[in-house]
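This report refers to the structure that appears directly beneath it.
Worth saying up front: this structure is predicted, and the values here are computed from it rather than measured. Remember, it's 1-based here, ligands and their atoms both numbered in the order they're listed. Both backbone and side-chain heavy atoms feed into the values below; hydrogens, waters and symmetry mates do not. When a residue number appears, it is its place in the shown sequence, counting from 1.
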Amino acid sequence: MKVVIEDVRKTFGDSKKGEVLALENINFSIEEKEFVVLVGPSGCGKSTLLNIVGGLLSPTSGTVYFEGEMDKKPDLSIVFQEIALFPWRTVYENVIYGLEEKKASKQEQKEKGDYYLDMVGLTGFKEAYPKQLSGGMKQRVGIARALAVEPDLLLMDEPFSALDAQTRTLMQEELLTIWNRTQLSTLYVTHNIQEAVYLADRVIVLSRHPGRIKEIIKIDLPKMGRDEEQHRAKFEQYADDIWQLIRQDAEDALKEL
Ligand SMILES: Nc1ncnc2c1ncn2[C@@H]1O[C@H](COP(=O)(O)OP(=O)(O)OP(=O)(O)O)[C@@H](O)[C@H]1O
């Protein structure tokens with residue numbers, strides 16, 4: 001699904017109590033089958049922007065177009081950092097939740113539930129409950145649940161940032177493999193520059209106070225195997241370029257903590 005974000009501006013609060021200008025002048029698109037990553041320091045408005053695209057927040061001004069239409073309600077799924085699984089449902093029952101909500105037939109629930117559980121490698125844990133799973137496995141259940149409804153657009157807000165470094169690396173690899181099979185238009189938020197360069201077709205670098213687009217960088221590397229030796233120099237160059245763009249803002253953010 002093609003998404004166009006046009007002249008989006010977002011303020012919080014009001015003029016009496018003090019307004020926070022969170023986002024200004026935001027213009028970009030997510031093309032069909034494109035993986036776009038939003039990166040920037042703390043408080044630059046990444047989550048606010050993702051929530052606006054996801055319809056959870058309204059922009060103060062500006063428009064989000066889905067397939068060129070203003071009022072279209074797209075089929076989209078959102079994966080958050082803290083995946084809220086239903087503790088009383090098994091892994092399988094969690095995965096098919098969205099399908100039940102959509103009143104899909106039992107047959108469809110079973111087919112898609114099994115298919116996406118297999119895709120995230122959790123077929124053997126079908127009957128387990130969330131409390132029996134590790135953090136990485138819970139995140140995989142959340143991804144399977146998001147994919148099972150076969151959305152047109154996938155939004156992911158720091159989905160792996162609560163995981164330890166090794167699990168995070170493995171999940172990034174797994175996400176790419178999954179993404180190659182589904183080829184979903186995706187908007188992904190992260191603090192992590194290496195993660196952005198590893199996953200993105202394009203990286204959108206935001207500045208803070210207010211959140212504006214500083215630069216849009218096309219990652220001209222093959223989608224799979226970016227971490228291989230022959231791409232290392234180019235990969236590190238992209239990461240360094242992005243860090244140089246963010247560095248000053250990140251230092252300022254640190255002073256405000
Ligand atoms: N509900 C709200 N009310 C008031 N201000 C808000 C609200 N939500 C966000 N903000 C402010 O808007 C700005 C952007 O916040 P946002 O959470 O989108 O940034 P972020 O880049 O996702 O940050 P982080 O990386 O730390 O999660 C910040 O200055 C934040 O304090």
Side-chain angles (χ1 to χ4, degrees), residues 3-30 35-64 76-84 135 138-139 142-143 146 153-165 167-168 171-172 175 186-200 202-217 239 241-257:
V3 185
V4 175
I5 293 94
E6 197 177 273
D7 287 335
V8 161
R9 182 173 194 276
K10 178 71 182 173
T11 57
F12 290 105
D14 55 48
S15 45
K16 279 192 204 130
K17 290 183 195 148
E19 245 176 23
V20 179
L21 177 55
L23 292 169
E24 189 177 60
N25 237 338
I26 302 293
N27 289 283
F28 69 98
S29 63
I30 307 163
F35 200 118
V36 173
V37 176
L38 289 175
V39 74
S42 232
C44 70
K46 302 180 292 294
S47 296
T48 302
L49 186 49
L50 180 128
N51 287 335
I52 288 173
V53 175
L56 302 176
L57 281 175
S58 305
T60 307
S61 60
T63 316
V64 181
L76 58 85
S77 290
I78 310 184
V79 179
F80 293 103
Q81 179 182 335
E82 298 293 338
I83 297 241
K138 283 185 196 154
Q139 226 52 13
I143 292 170
L153 178 65
L154 182 62
L155 305 179
M156 304 183 95
D157 192 352
E158 307 238 20
F160 306 143
S161 57
L163 304 176
D164 66 78
T167 309
R168 183 176 187 145
M171 290 297 292
Q172 289 166 0
L175 179 63
T186 303
L187 182 63
Y188 187 103
V189 162
T190 185
H191 275 100
N192 186 309
I193 295 173
Q194 304 284 330
E195 183 168 274
V197 178
Y198 184 68
L199 294 172
R202 281 187 301 155
V203 177
I204 300 189
V205 183
L206 294 178
S207 64
R208 64 195 287 276
H209 290 329
R212 292 202 189 107
I213 294 182
K214 210 160 196 179
E215 202 153 319
I216 300 182
I217 299 172
D241 290 349
I242 294 170
W243 174 233
Q244 295 311 328
L245 288 166
I246 290 175
R247 188 185 180 116
Q248 188 59 51
D249 276 346
E251 283 176 7
D252 292 346
L254 205 58
K255 286 181 202 140
E256 281 174 28
L257 286 178

Lys/Arg N to Asp/Glu carboxylate O, Glu24 vs Lys10, below 4.0 Å: no

Residue of the set Ile78, Leu175, Leu199, Val37 for which side-chain contact (heavy atoms from CB on, under 4.5 Å) holds with Met156: Leu175

Contact (N/O only, under 3.5 Å) between Lys46 and ligand 1: yes

Residues Arg247, Glu251: salt bridge by 4.0 Å N-O rule: yes

Closest protein heavy atom to atom 17 (O) of ligand 1, given as residue, atom name and distance to 0.1 Å: Ser47 CB, 4.1 Å

Partner residues of Glu82 under the side chain to side chain contact (heavy atoms under 4.5 Å, CB included) criterion, sequence neighbours left out: Ala162

Residue, atom name and distance, where the atom is the protein heavy atom closest to atom 6 (C) of ligand 1: Phe12 CD1, 3.2 Å

Where ligand 1 meets His191 - atom numbers and elements under 4.0 angstrom, heavy-atom basis: 25 (O)

Flag, side chain of Ser77 to backbone of Leu154, donor-acceptor distance under 3.5 Å: no

Check: Ser29 main-chain N/O paired with Arg202 side-chain donor or acceptor under 3.5 Å: yes

Close-contact set for ligand 1 against Thr48 heavy atoms, below 4.0 Å: 14 (C), 15 (O), 16 (P), 18 (O)

For Glu6, side chain to side chain contact (heavy atoms under 4.5 Å, CB included) partners two or more places apart: Asn27, Tyr65

Sub-4.0 Å heavy-atom contact, Cys44 with ligand 1: yes

Contact check: Gly43 vs ligand 1, nitrogen or oxygen atoms, below 3.5 angstrom: yes

Inter-residue atom distance Leu56.CG - Asn51.CG, 0.5 Å rounding: 5.0 Å

Atom 13 (C) of ligand 1 protein-contacted (non-hydrogen atom, under 4.0 angstrom): yes

Per-atom contacts of ligand 1 with Ala22, taking only distances under 4.0 Å to non-hydrogen atoms: 12 (O), 13 (C)

Mode of Arg208 contact toward ligand 1 - side chain, backbone, both, neither (heavy atoms, under 4.0 Å): neither

Sub-4.0 Å protein heavy atom near atom 8 (N) of ligand 1: yes

Selected option - heavy-atom contact closest to atom 26 (O) of ligand 1, from Gly211, Ser42, Gly45, Pro210: Ser42

